[in-house]
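FYI, the numbering just counts along the sequence from 1. Just follow the structure's listing: the first ligand is 1, and inside any ligand the first atom is 1. Only a predicted model underlies this, so the values are computations on that prediction, with no experimental measurement involved.
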Amino acid sequence: MSRPSAISADHSTVCTHPSGLDPTRIPEHIAVIMDGNGRWAKARGLPRMMGHRAGVEALKTTLRLCSDWGIKALTVYAFSTENWNRPTDEVHFLMTLFERVLQRELEALQSQKVRINFLGDIEGLPGRLQELIEQATSLTSGNSGIHFNVCTNYGGRRELVIAAQKLAERSLNGELDPTLIDENMFAKELFTANEADPDLLIRTSGERRISNFLLWQLAYAEIHVTDVLWPDFDEAALLHALVDYQSRCRRFGGLDPISHERLES
Ligand code: FPP
């Protein structure tokens, strides 16, 4: 389907882009709400867990394509602070799945120069998973390739509260004048400090919600919702999302640079 054309990306790797994509307008950062694993399994008469397992394969494909196509950061929603409310066996399955995938894929991530990070309340995760996260994060921290951020035990509101608490503490200690707190300073206290905001949010399975994901960072992201269920999300679906993204005129609340018309912000 894709007719690759080699170009040099500005982060010194050689990228290939499928035809139909403008290589000069590739989003730097893509965020994904990977939804629909359960429905995918149900449609096949399988237990929900099989949907999560199939979801890992879709994630591996997406990460590889994003890396090949010159996207600098991919941030995925793997487990929210609300997902603890699922049945105990599903939560346990997911935690064990994360552990197994991390163990199994670490070598491949390393050879692809992926820099993996986990965003969220990591201390609230099972001890073994925390150890693997620490190991994967430190092993890949010097890698020059795509930043792969896995939001695990993550909640957008919780992230904002933690940032506010940190700034309040510094103010109380006399280290910070609260009148100097601005958007840049606030953003540095988020789990995503040092990462540019996502340009594109993809949500699978047709749901039109943000679901407590990256509430601050998605302020100006373009949103692409697809009916494709996450385990079926493949190269064609990613390409479709990117073509959709490239058709948008991003104004960040300003004017259309060509017509100078103020469309809705
Ligand atoms: C939402 O679908 C999916 C999740 C809560 C889990 C996502 C996890 C993966 C894709 C595995 C990722 C693995 C690693 C190592 C990061 P859902 O279960 O809510 O689906 P439904 O809405 O159809 O029930």
Side-chain angles (χ1 to χ4, degrees), residues 30-67 73-110 112 114-122 124-126 128-137 139-140 146-156 158 191 201-214 225-234 237-238:
I30 298 182
V32 186
I33 301 179
M34 309 181 289
D35 198 9
N37 293 351
R39 276 164 283 169
W40 182 92
K42 193 174 174 205
R44 286 160 180 75
L46 297 170
R48 292 178 55 79
M49 321 301 177
M50 295 304 104
H52 296 315
R53 205 171 266 172
V56 174
E57 297 311 309
L59 180 54
K60 280 164 60 181
T61 303
T62 302
L63 177 62
R64 181 178 50 75
L65 290 169
C66 285
S67 172
L74 174 69
T75 300
V76 297
Y77 208 2
F79 193 88
S80 73
T81 44
E82 290 73 32
N83 285 153
W84 296 107
N85 298 324
R86 293 190 175 207
T88 318
D89 59 343
E90 182 167 347
V91 169
H92 182 258
F93 180 89
L94 279 168
M95 294 301 146
T96 310
L97 183 69
F98 297 153
E99 288 172 21
R100 291 214 180 115
V101 172
L102 260 185
Q103 277 173 306
R104 200 177 62 210
E105 301 298 329
L106 190 53
E107 222 176 280
L109 292 173
Q110 184 67 353
Q112 288 169 45
V114 172
R115 199 177 89 184
I116 194 167
N117 246 312
F118 287 80
L119 315 184
D121 181 3
I122 303 308
L125 295 169
R128 176 70 189 132
L129 180 54
Q130 286 188 49
E131 282 167 22
L132 291 165
I133 285 175
E134 168 58 33
Q135 189 190 346
T137 307
L139 184 73
T140 64
I146 189 168
H147 298 180
F148 178 38
N149 303 312
V150 184
C151 294
T152 316
N153 197 15
Y154 173 90
R158 178 92 194 108
F191 297 132
L201 169 70
I202 299 172
R203 179 161 192 158
T204 58
S205 91
E207 307 288 351
R208 287 161 172 77
R209 284 189 295 277
I210 299 287
S211 298
N212 203 15
F213 188 44
L214 301 177
V225 175
T226 171
D227 287 337
V228 172
L229 302 175
W230 176 251
D232 289 329
F233 193 84
D234 58 6
L238 180 61

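Tyr77 contributes no side-chain N or O that, together with a main-chain N or O of Leu214, makes up a donor-acceptor pair within less than 3.5 Å. With Ser80 contributing its side chain and Tyr154 its backbone, the two residues share no donor-acceptor pair below 3.5 Å. In terms of modelled atom types and a separation under 3.5 Å, the side chain of Arg208 and the main chain of Gly206 share a donor-acceptor contact.
Scanning for ring-ring contact (aromatic ring centres under 6.0 Å, His included) contacts around Trp230 gives Phe233, with sequence neighbours left out.
Arg203 and Ser211 form a side-chain donor-acceptor contact under 3.5 Å, judged by distance and modelled atom types alone.
By the 6.0 Å contact criterion, CZ on Arg100 is open, its count of non-hydrogen atoms from other residues, nucleotides or ligands being 12 or less.
At a heavy-atom cutoff of 4.0 Å, ligand 1 is surrounded by Met34, Asp35, Gly36, Asn37, Gly38, Arg39, Arg48, His52, Gly55, Val56, Leu59, Ala78, Asn83, Arg86, Phe98, Val101, Val150, Trp230.
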